[in-house]
Protein chains: 2
Amino acid sequence: MARLPGLGPRSARRAVLHMLKKRAVVMEPLAQALAKVAASARDCRVCGNISDSDLCPICADQRRATGVICVVEDVSDLWAMERTGGFKGRYHVLGGVLSALESVGPETLRIPDLLARIGAEGVREVILALNATVEGQTTAHYIAEALAPTGVAVTALAQGVPMGGELDYLDDGTIAAALAARRQV
Amino acid sequence: MARLPGLGPRSARRAVLHMLKKRAVVMEPLAQALAKVAASARDCRVCGNISDSDLCPICADQRRATGVICVVEDVSDLWAMERTGGFKGRYHVLGGVLSALESVGPETLRIPDLLARIGAEGVREVILALNATVEGQTTAHYIAEALAPTGVAVTALAQGVPMGGELDYLDDGTIAAALAARRQV
């Protein structure tokens, strides 16, 4: 349990002790549920999202726009985008970011799959919704370069002041970026 | 001491005890320095910044561009903007935000002074660098309306993903705003 992210040794001990005390009502059902999910979960063959079928519910949904693909690093980012309810297109989950140190290359990241989708699905716009970290932005840059020959519009999430953000608590880089990208009101 | 922002009762006690123990080397010099600053500090008559002269160093600096005014809520926000080193124009410190609850109106906020500066200084652009809070944005909206008749360009800091921001940890509003304001790469 302690090897799960976000769970320290102490929290793990508490969770395990709780389960040990409630073996029949908590531990057994959890074990069965985990085994069931582990057996049925698979990567969507189109976008890389995780679901219980070969084609994830988003890729299978005919009402989602097909001309726009939102590229995310991880399934957790796909969930974050979906929570906003503001995006009606399709996704492409990279499964990580480029990293020379950890020898993660374009092939590992499903970037060739993305390129293949551009022509096959008649994509007009690729939205790079990658994290504003160094690795995320390096990967975004690489994908933008790779997409250039296709002529598809490549956009990225705006960088700036987050909701509720107060200047005094923001880092200099964010303020500088928000100033550079200021918009007419 | 405990009435200072950011200092709880416990920290205040520690600070006071430290000063009491070092009365001659810490407490007396601090008292004198505070008295000196309190006597000399004043609001800049142009922008509302705090300095030791009638005209603050930024307003007095001939190298700063005169056509662009950056409107901030507080002196701490002016410092935050200056830390980025990315802004070469002048400032206007409102001294707060509009608040019906606390009965803070436009007059209290030096908004008439801002309007007076537009014509007097030949201002071309007003950048609203207000906090991305409800009060900050209400105030920004009010100022933009008040400036409309002058024909000056009114811009605002971009809203979006902060530097280093990871989608999974951002609120839905920020992601939605960053998606709506996405830019071509």
Side-chain angles (χ1 to χ4, degrees), chain A residues 70 72-87 89 125-134 136-137 140-141 143-145 147-148 153-185, chain B residues 70 72-87 89 125-134 136-137 140-141 143-145 147-148 153-185:
Chain A
C70 179
V72 291
E73 189 174 317
D74 201 83
V75 174
S76 60
D77 299 323
L78 186 158
W79 291 344
M81 289 295 301
E82 281 295 287
R83 280 198 297 272
T84 73
F87 181 66
E125 181 183 1
V126 171
I127 303 173
L128 302 173
L130 299 174
N131 294 332
T133 54
V134 174
Q137 294 308 298
H141 191 76
I143 296 176
E145 292 277 304
L147 289 172
V154 182
T155 57
L157 293 186
Q159 294 201 309
V161 179
M163 285 281 158
E166 301 187 33
L167 297 193
D168 199 17
Y169 295 95
L170 286 171
D171 61 294
D172 300 357
T174 296
I175 299 179
L179 179 67
R182 66 182 180 272
R183 55 184 168 70
Q184 200 91 22
V185 285
Chain B
C70 179
V72 290
E73 189 174 317
D74 201 81
V75 173
S76 60
D77 299 322
L78 186 158
W79 290 344
M81 290 294 301
E82 282 296 286
R83 279 199 298 271
T84 72
F87 181 66
E125 181 183 1
V126 171
I127 303 173
L128 301 174
L130 300 175
N131 294 331
T133 54
V134 174
Q137 294 309 299
H141 191 76
I143 297 177
E145 292 277 303
L147 288 172
V154 182
T155 58
L157 293 185
Q159 295 201 308
V161 180
M163 286 279 158
E166 302 187 33
L167 296 195
D168 200 17
Y169 295 97
L170 285 172
D171 61 293
D172 301 357
T174 296
I175 299 178
L179 179 66
R182 65 183 182 272
R183 55 185 170 68
Q184 201 91 23
V185 286

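Keep in mind it's a predicted model, so treat the numbers as computed, not measured. Every chain is numbered from 1, with letters handed out A, B, ... down the list of sequences.
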Task: Residue pair M163(B) / T174(A): nearest heavy atoms and the distance that separates them - done: N-OG1, 2.8 Å
Open item on the list: With chain B as the partner, which of A176(A), A148(A), A132(A) has the greatest number of non-hydrogen pairs under 4.5 Å?
Closed with: A132(A)
Open item on the list: Once rounded to the nearest 0.5 Å, what's the spacing between atom CZ of R183(A) and atom CZ of R183(B)?
Closed with: 15.0 Å
Open item on the list: Is L179(A) close to chain B through its backbone or its side chain, or both, or neither, when contacts mean heavy atoms under 4.5 Å?
Closed with: both
- [ ] Against chain B, label A153(A) side chain, backbone, both or neither, depending on which of its atoms sit under 4.5 Å from a heavy atom there.
- [x] both
- [ ] Examine whether an atom of Y169(A) lies under 4.5 Å from a heavy atom of chain B, and if so say whether it belongs to the side chain, the backbone or both; otherwise answer neither.
- [x] neither
Open item on the list: Quick check for you: among L147(B), L170(B), L78(B), T84(B), which has the greatest number of heavy-atom pairs under 4.5 Å with chain A?
Closed with: T84(B)
Task: Heavy-atom pair with the smallest gap, counting every atom of R182(A) and I127(B) - done: NE-CD1, 3.5 Å
Task: Proximal component of E73(A), with respect to chain B [non-hydrogen, under 4.5 Å] - done: neither
Open item on the list: For the CG atom of D172(A) and the CD atom of E82(B), what is their distance to the nearest 0.5 Å?
Closed with: 11.0 Å
Task: D168(B), D171(B), L167(B) screened by side-chain contact (heavy atoms from CB on, under 4.5 Å) with R83(A), the one that passes - done: D168(B)
Open item on the list: Looking at chain B, which one of A156(A), A144(A), S76(A), A80(A) has the largest number of heavy-atom pairs inside 4.5 Å, strictly under?
Closed with: A156(A)
TODO: Measure the spacing between OG1 of T155(A) and CD of Q184(B) and express it to the nearest 0.5 Å.
DONE: 7.0 Å
- [ ] Identify which of G164(A), A181(A), A129(A) forms the greatest number of heavy-atom pairs closer than 4.5 Å to chain B.
- [x] G164(A)
